[in-house]
Engineer: 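Pasting in a structure now, in structure tokens, and then I'll have a few things to ask.
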There are 2 protein chains.
Amino acid sequence: MAATINDVARVAGVSISTVSYALSGKRPIGEKTRQRIESAILELQYQPNAGARALAGRRTYILAVTEPLRPDTYTPAHMAFVLAAATAARAYDYDVLLLTQDEATGGLHRVTSSRLVDGVIVLDVLAEDERAELVRSLDVPAALVGIPADTDGLVCVDLDFEAAARLAVDRLADGGHRVVGLLGHPPSVYARGSNFPLRFREAFVTHAAERDLEVRLGAPERTIAGVREAVAEILGPDRDLTGLVMHCEDTIQMRTLDVLCAAGLRVPQDVSVISAASTFDTSTFAPPLDVIPLIPAESCSRAVELTIAQITGTVEPRVELIPPTYVDRGSTAPRRP
Amino acid sequence: MAATINDVARVAGVSISTVSYALSGKRPIGEKTRQRIESAILELQYQPNAGARALAGRRTYILAVTEPLRPDTYTPAHMAFVLAAATAARAYDYDVLLLTQDEATGGLHRVTSSRLVDGVIVLDVLAEDERAELVRSLDVPAALVGIPADTDGLVCVDLDFEAAARLAVDRLADGGHRVVGLLGHPPSVYARGSNFPLRFREAFVTHAAERDLEVRLGAPERTIAGVREAVAEILGPDRDLTGLVMHCEDTIQMRTLDVLCAAGLRVPQDVSVISAASTFDTSTFAPPLDVIPLIPAESCSRAVELTIAQITGTVEPRVELIPPTYVDRGSTAPRRP
DNA sequence: CTGAAAGCGCTTACAG
DNA sequence: CTGAAAGCGCTTACAG
């Protein structure tokens with residue numbers, strides 16, 4: 001039914017190897033020849049057979065993307081990464097095979113050893129992640145978006161969460177704030193061993209100490225009551241807190257702003273607020289928030305790049321940290337006496 | 001490097017065709033033979049090469065899943081469908097190739113005509129959806145989850161949203177409620193041409209008229225202010241509304257409950273509330289809500305089933321509507337005089 | 001600049 | 001119940 005390379009060769013009056021080389025560009029083709037091949041391809045609507053190409057070329061042009069999507073996972077952010085990975089892959093003419101939960105390791109094993117995929121992108125990496133182990137032992141082209149506890153032999157890419165935390169602290173300290181708070185993820189997220197919330201929190205505490213700030217930590221549940229409670233606690237009985245950093249889901253951030261507003265606290269006049277390592281758009285919040293963005297496209301396209309580099313050559317194991325940037329939207333101000 | 005079927009055959013002392021048949025089960029194998037083959041496979045850690053299998057067997061065991069993930073799309077719900085499709089596919093030993101936005105039609109064309117995939121699952125179908133056209137003209141095994149305006153020649157599966165709307169209306173009407181409201185999606189969702197919100201709303205209005213109810217419609221924005229405004233409007237100046245159906249995102253539903261609570265209205269004593277066609281868990285809401293669930297696993301596994309049936313045989317074009325069910329959690333009560 | 005041919009690793013009639 | 005062999009549709013040395 002579908003046209004094959006033989007059909008194209010016949011119609012163009014050349015050999016199939018010439019057609020193949022014309023397609024891959026791996027050797028020079030005469031001008032008239034290339035024209036004849038091109039029109040034959042158009043005429044026949046030829047599309048190379050993926051299976052044959054994979055078998056002969058030892059390359060499927062498919063990348064596995066594993067994203068466990070665990071319960072309690074914050075879907076929009078994780079999906080943003082899946083999407084970014086897919087988009088980045090397409091930019092290199094790769095397709096993406098989606099591997100989810102139950103398949104975390106079994107599926108990875110299956111698709112790599114059957115050569116269904118040329119490489120692997122690992123998303124939502126835990127500090128202790130069996131997928132990291134597997135990738136290491138499988139010795140397959142791969143990149144992790146996130147940093148496991150043991151990075152030995154692995155290629156990892158991530159936002160520099162420690163630097164992001166320091167950036168937020170410095171912004172507040174430089175503004176003269178003395179008492180600052182961190183509103184983090186729900187407790188279960190820290191318990192699960194997701195590594196970046198911990199990395200952020202530790203760096204936050206450490207650097208705040210270095211800058212001589214008093215630090216208060218909150219880990220609110222998603223409910224309105226949970227947020228209200230955490231905010232009240234972090235503000236303190238005297239409401240002496242004047243700097244607030246939020247490293248959590250958009251729902252919690254929006255609710256926090258609701259709560260501050262209801263409490264009669266103005267941003268930034270009474271409290272300076274920074275949204276840290278956020279994947280969502282804080283410019284539509286009321287008020288718009290200063291943000292240190294976490295850009296999925298950035299880490300994912302680098303991860304794809306490094307994976308493909310491994311497919312076509314060699315890449316030294318490494319941990320690449322992406323430097324954070326600060327976007328000012330007027331939600332911070334110097335502390336008022 | 002990796003073991004091939006030839007290695008297995010050699011180690012087991014049989015021909016490669018016997019190994020192949022042992023693997024596929026397409027012809028009976030002697031007991032001792034099967035044992036020898038099995039242990040050879042284990043010993044060599046043999047995994048059939050996907051490319052070779054695709055080429056010779058004309059089957060890749062991959063399904064394309066297209067989910068545009070448009071801006072303004074409600075990610076968690078859509079992801080739930082992608083996940084459900086992936087899970088359902090794996091149950092049939094199929095993998096899933098993820099096709100996103102820009103690739104809506106171009107990608108579909110590419111992966112089907114290169115025989116990269118055996119079939120297609122189309123998610124988040126619009127009333128006018130170019131993917132529906134494409135699937136029709138490509139004549140590839142496919143199923144849509146959702147109902148386009150023109151279903152001619154297509155296989156479609158979806159929750160029966162009309163029946164769901166009637167179910168909700170009947171519940172309220174039977175409880176003696178006379179003034180009922182529908183809190184729907186943000187206006188942009190209706191504008192976009194997503195078909196199920198419209199199907200639900202129309203059936204709601206029609207059936208409420210049949211049951212002699214006064215109907216009020218709201219389409220709030222996601223913000224707290226937007227919800228507050230819509231709820232106030234729907235309650236009416238006299239607050240004579242006693243039945244409320246919500247067909248919208250969880251954020252809006254949670255905020256609506258906040259607003260009702262703040263207004264001093266109790267559920268179900270003052271207002272009976274039903275969550276309709278919801279993919280999320282309403283049992284953790286305060287209060288837990290009666291729900292007519294929309295279960296992604298249901299429609300997706302049926303869609304996968306019908307697609308695979310097309311791959312292996314013939315399936316008549318059809319529109320399959322899944323009957324809704326009602327889960328009582330005590331958020332509705334008879335109207336008090 | 002181009003072609004003839006081997007080979008990638010399977011599946012499946014065909015034969016016994 | 002099992003084997004020998006053709007063939008799936010490409011890529012890529014090898015040769016000219």
Side-chain angles (χ1 to χ4, degrees), chain A residues 1-38 40-41 44-62 93 110-116 118 311-312, chain B residues 1-38 40-41 44-62 93 110-116 118 311-312:
Chain A
M1 195 63 235
T4 73
I5 198 172
N6 285 290
D7 301 321
V8 176
R10 189 170 20 77
V11 170
V14 298
S15 74
I16 64 164
S17 53
T18 302
V19 175
S20 178
Y21 283 117
L23 246 21
S24 68
K26 289 192 181 173
R27 81 181 183 191
I29 305 289
E31 192 43 31
K32 330 88 185 306
T33 313
R34 112 159 313 120
Q35 306 244 327
R36 292 218 307 286
I37 293 177
E38 243 164 47
I41 286 176
L44 298 169
Q45 302 210 52
Y46 171 67
Q47 279 277 76
N49 179 289
R53 198 157 72 127
L55 180 56
R58 312 173 150 282
R59 204 83 118 240
T60 62
Y61 298 93
I62 302 178
D93 261 312
R110 182 171 51 79
V111 299
T112 54
S113 58
S114 67
R115 322 245 83 154
L116 216 193
D118 298 337
I311 295 170
T312 53
Chain B
M1 193 64 235
T4 73
I5 198 172
N6 285 292
D7 301 321
V8 175
R10 189 170 20 75
V11 170
V14 298
S15 73
I16 64 164
S17 54
T18 302
V19 175
S20 178
Y21 283 117
L23 247 21
S24 69
K26 288 191 180 173
R27 82 181 182 191
I29 305 290
E31 192 43 31
K32 330 86 184 308
T33 313
R34 113 158 314 120
Q35 305 244 328
R36 291 217 308 287
I37 293 177
E38 243 163 46
I41 287 177
L44 298 169
Q45 302 210 54
Y46 171 67
Q47 279 277 76
N49 178 289
R53 198 157 72 126
L55 180 56
R58 313 173 148 281
R59 204 80 121 241
T60 62
Y61 297 93
I62 301 178
D93 262 311
R110 183 170 51 79
V111 301
T112 53
S113 58
S114 67
R115 321 246 82 156
L116 217 193
D118 298 336
I311 295 170
T312 52

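The structure presented is a predicted model; accordingly, all values stated were derived computationally and were not measured. Here is the naming used below: chain letters follow the sequence lines, and residue numbers restart at 1 for every chain.
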Engineer: Can you find a side chain N or O atom of B/Y46 that sits less than 4.0 Å from OP1 or OP2 on C/dC10?
Structural biologist: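 Affirmative; the distance criterion is met.
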Engineer: With rounding to the nearest 0.5 Å, note down the distance linking CZ in B/R58 to CD1 in B/I311.
Structural biologist: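 Between atom CZ of B/R58 and atom CD1 of B/I311 there are 15.0 Å.
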Engineer: Verify the contact: side-chain N or O of A/R58 to OP1 or OP2 of C/dG9, cut-off strictly under 4.0 Å; return yes or no.
Structural biologist: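 Yes.
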Engineer: Among A/V11, A/I5, A/N6, A/I29, which residue meets the side chain to side chain contact (heavy atoms under 4.5 Å, CB included) test with A/V19?
Structural biologist: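 Between A/V19 and the candidates, side chain to side chain contact (heavy atoms under 4.5 Å, CB included) is satisfied uniquely by A/I5.
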Engineer: Within the pair A/T18 and C/dG3, is there a side-chain N or O less than 4.0 Å away from OP1 or OP2?
Structural biologist: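 For A/T18, the contact criterion (side-chain N or O under 4.0 Å from OP1 or OP2 of C/dG3) is met.
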Engineer: Closest nucleotide of DNA chain D for B/G57 versus for B/Y21: which of these residues is on the 5' side?
Structural biologist: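 The 5'-side residue here is B/Y21.
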Engineer: Send over the distance from B/R10 CZ to D/dT2 C1', rounded to a whole Å.
Structural biologist: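 It is 19 Å, rounded to the nearest whole Å.
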Engineer: Drop me the distance from A/S17's OG to A/K26's NZ, to the nearest 0.5 angstrom.
Structural biologist: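 Rounded to the nearest 0.5 Å, the OG-NZ separation comes out at 13.5 Å.
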Engineer: Rounded to the nearest Å, what distance is computed from the CG atom of residue B/L23 to the P atom of nucleotide C/dT11?
Structural biologist: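 My rounded result for the distance is 7 Å.
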Engineer: Output the rounded distance in Å from CD1 (A/I5) to C1' (C/dA4).
Structural biologist: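 A/I5 atom CD1 is separated from C/dA4 atom C1' by 14 Å.
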Engineer: Quick one: A/R59 CZ to C/dG9 C1', roughly how many Å, whole number?
Structural biologist: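 Answer to the nearest Å: 18 Å.
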Engineer: Nearest whole Å is fine: how far is D/dG9 P from A/L55 CG?
Structural biologist: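 Distance, rounded to whole Å: 12 Å.
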Engineer: Does B/S20 make a side-chain N or O approach to OP1 or OP2 of C/dT11 shorter than 4.0 Å?
Structural biologist: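 So the side-chain polar atoms of B/S20 do come within 4.0 Å of the phosphate oxygens OP1 or OP2 of C/dT11, strictly under.
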Engineer: Using a distance-only criterion (donor-acceptor N/O pair, under 3.5 Å, no hydrogens), is the base of D/dT2 paired with the side chain of B/R27?
Structural biologist: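 Side chain to base: pair found, below 3.5 Å.
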Engineer: Quick one: CG on A/N49 to OG1 on B/T60, what's the gap to the nearest 0.5 Å?
Structural biologist: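 Going from the CG atom of A/N49 to the OG1 atom of B/T60 covers 10.0 Å.
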Engineer: Choose from C/dA4, D/dG9, C/dG9 the nucleotide whose nearest atom is closest to any side-chain atom of A/A56.
Structural biologist: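 That would be D/dG9.
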Engineer: Does C/dA13 have a Watson-Crick or wobble mate here (both distances under 3.5 Å), and if so which one?
Structural biologist: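 Because no pair has both required distances under 3.5 Å, C/dA13 counts as unpaired.
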Engineer: When you match B/R34 and A/G51 each to their closest nucleotide on DNA chain D, which lands nearer the 5' end?
Structural biologist: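 Residue closer to the 5' terminus by nearest nucleotide: B/R34.
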Engineer: In whole Å, what is the span from the CD atom of A/Q47 to the C1' atom of D/dC10?
Structural biologist: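 Answer to the nearest Å: 14 Å.
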Engineer: Between B/K26 and C/dT12, is there a contact of a side-chain N or O with OP1 or OP2 at under 4.0 Å?
Structural biologist: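 Indeed, a polar side-chain atom of B/K26 lies that close.
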Engineer: With rounding to the nearest 0.5 Å, note down the distance linking OG1 in B/T4 to CZ in B/R10.
Structural biologist: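 If I round to the nearest 0.5 Å, the distance is 7.5 Å.
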Engineer: Quickly work out the A/E31 CD to C/dC1 P distance and round it to whole Å.
Structural biologist: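 Rounding to the nearest Å, CD of A/E31 and P of C/dC1 are 10 Å apart.
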Engineer: Contact class for A/T4 vs. all strands (heavy atom < 4.0 Å): base, sugar-phosphate, or nothing?
Structural biologist: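 A/T4: backbone/sugar contact only, no base atoms under 4.0 Å.
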Engineer: Touch check for B/I16, heavy atoms < 4.0 angstrom, all strands: base, sugar-phosphate only, or nothing?
Structural biologist: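 The residue B/I16 makes base contact.
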Engineer: Could you state the interatomic distance from CD (A/Q47) to CG (B/L116), rounded to the nearest 0.5 Å?
Structural biologist: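 That separation rounds to 10.0 Å.
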Engineer: What is the distance from CG of A/N6 to P of D/dT11, rounded to the nearest Å?
Structural biologist: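 The distance from CG of A/N6 to P of D/dT11 comes to 12 Å, rounded to the nearest Å.
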Engineer: Give A/T33 one of three labels, base, sugar-phosphate or nothing, depending on what nucleic acid heavy atoms sit under 4.0 Å from its own.
Structural biologist: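 Sugar-phosphate, no base atom in range.
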Engineer: What is the base-pairing partner of C/dA4, counting Watson-Crick and G-U wobble geometry with both distances under 3.5 Å?
Structural biologist: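 Here C/dA4 is not engaged in any pair, so there is no nucleotide opposite it.
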Engineer: Go through the N and O atoms of the side chain of B/S17 and the base of D/dA5, and report whether any donor-acceptor pair is under 3.5 Å.
Structural biologist: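 No such pair is found, so the answer is no.
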